[in-house]
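Note: hydrogens, waters and symmetry copies are ignored here, and every other heavy atom, side chains too, is used. We count ligands from 1, going down the list as the structure has it; atoms in each ligand are counted the same way.
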Amino acid sequence: MSETAEQGQYQTGYEFVVVANRLAVNRITTPDGSTGWQRSPGGLVTALAPIMTSSEGAWVGWHGAADESLEPFDHEGMHLHPVALSEQEVEYYYEGFSNGTLWPLYHDVIARPLFHRHWWDAYRRVNQRFAEAAGKVAAQGATVWVQDYQLQLVPQMLRDLRPDVKIGFFNHIPFPPPGLFAQLPWRHSVMRGLLGADLIGFQRESDARNFQRAVRDRLGYYIKSEQIYVPLEDETAAPLEGFTADPARGTAPRQLSAPEDGTFRRSEAKAFPISIDTDRIVELANDPKIIARAAQIRAELGNPEHIYLGVDRLDYTKGIRHRMKAYEELLQEGKLQVGTHTMVQIASPSREGVESYQRLRDEIELTVGRINGEFDTMGHTAIRYLHHNYPIEEMVALYLAADVMLVTALRDGMNLVAKEYVAARKDGTGVLVLSEFTGAADQLRQALLINPHDIDELKAAMVQATHLDRDNERKRMRSLRRQVVSHNVQRWAEDFLRRLDQL
Ligand code: G6P
């Protein structure tokens, strides 16, 4: 096919394409037993849906079921292109390499990452499938935005297929320090995969720096401020497909000056901290029905003086056990009393096919049972533990009901729950206890910042939160709200896409 004919092939495609492991919709079953689709409630979909509908965009992603191929379909003005995964690919690519290797490795090895070659093979194969699906639907010169750690090879694979498109990548989770990243047997391929993007976004400055250092130390590329100079000969010498081995042992010699013009391509690695749909949360927090529901929740809990709230996916990165240990010790020491104080822990089910998640669930549920067995009274519970997903309306009612929000993650790319709590507290009350190991801690400096490994510090912050004088509480919350109101997820998407457009 001539070049013009080849280009012509893409004239009818989409100008804007999002590629993410998950499609922008979830399958739902209605009470009459029929199934349908519902837009995913997450911030990413909320931020990108308006851009998708106004700019003729398409979303490429997995629809969440194994061994099922679906034709493209439209939902609420979004064009959706499902990618099929076999049952074995769900096991090897999703549960295995994404959530058994990369997730723990990128979260400070809180759990032990497992390195299996057959998982890596599946990861490469599935990334290639996503790249091909995106390459098929993107118009000539389109913008393609690839999301998250499940798809780190897609940028370079897509560039090999479609050098005409502009490629952005955003990593929603932390990028590990180079010393930890170095454990990954396929570290070179992952870096080269990411460097296929024109713009690589990270949550924190330190994530962007970790990536730059890994690239400088391992690949030896020249880097000036946020610009990485990718030698073109590396791209043509070894296309990523079929690229498995580590090409060099140890540390690559570092390039000390910019390579000659025409011999490199630039890729920018930069922080773009994600946020939430602030307006939506504020709107819900003003809704009389939700305000009434918050009062009802307090009453159902026996109108305690202080409610501590934790809201997390049931994940070992979230520090749920640390927070329970601190709470248990405070009850034992009589510094908190059941009846006067209550903890509510929402733990939404997550990755239940992965062994480390199954173990965590057992441990948490054992701990809750032990604490409640020891401290509950007939009328009051120490910890109200709920292993469910709730709609955003119920979440906002909980935010309004809670006096103290506990975010004790041991490592977290951002933590949007912290930002949602702040957005919901429009009357300026409420205290946020926030782990310094979350991306959110870089922006929410007026929270009570803690190191969750330091149980005494965590306990002290929980006690401080209950005794904070109203002026101090309001001053902190006002400053936190200013940050969250002026930096919403729409602005995040605009900032990223504007920068990508400029490059
Ligand atoms: C994190 C990741 C997302 C992921 C989400 C839920 O926020 O950054 O990419 O979609 O967790 O996890 P799941 O495995 O259910 O998609």
Subject >> Between Asp312 and Gln345: side-chain donor-acceptor atoms closer than 3.5 Å >> reply: yes

Could you tell me, atom by atom, which parts of ligand 1 come under 4.0 Å of a heavy atom of [X]?
| X | result |
| --- | --- |
| Asp148 | 2 (C), 3 (C), 8 (O), 9 (O) |
| Arg351 | 1 (C), 5 (C), 6 (C), 11 (O), 12 (O), 13 (P), 14 (O) |
| Ile173 | 8 (O) |

Subject >> Qualifying residue for side-chain hydrogen bond (donor to acceptor under 3.5 Å, both in side chains) with Thr408, from His453, Arg323, Lys318 >> reply: Arg323

Subject >> Pairing of Glu132 and Lys136 as salt bridge, 4.0 angstrom limit >> reply: no

**OP:** Output, in order, the C-alpha distance, side-chain angles, deciding distance and verdict of side chain to side chain contact (heavy atoms under 4.5 Å, CB included) for Asp315 and Arg351.
**Re:** CA-CA 9 Å; Asp315 195 295; Arg351 304 177 189 162; 3.6 Å; yes

**OP:** Show your reasoning for whether side chain to side chain donor-acceptor pair (under 3.5 Å) applies to Tyr106 and Asp207.
**Re:** CA-CA 10 Å; Tyr106 282 30; Asp207 296 317; over 6 Å; no

Original post:
Given Gln150, His172, Glu95, which has its nearest heavy atom closest to atom 10 (O) of ligand 1?
Top reply: Gln150

Original post:
Quick one: are the ring centres of Phe202 and Phe211 less than 6.0 Å apart?
Top reply: yes

Original post:
What residue and atom, counting heavy atoms only, is the protein's closest point to atom 13 (P) of ligand 1, and at what distance?
Top reply: Tyr94 OH, 3.4 Å

Original post:
What protein heavy atom is closest to atom 16 (O) of ligand 1, reported as residue, atom name and distance in Å?
Top reply: Arg22 NE, 2.7 Å

**OP:** Work out whether the distance between some heavy atom of Gln147 and some atom of ligand 1 is less than 4.0 Å.
**Re:** no

Original post:
Looking at atom 7 (O) of ligand 1, would you say a protein heavy atom lies below 4.0 Å from it?
Top reply: no

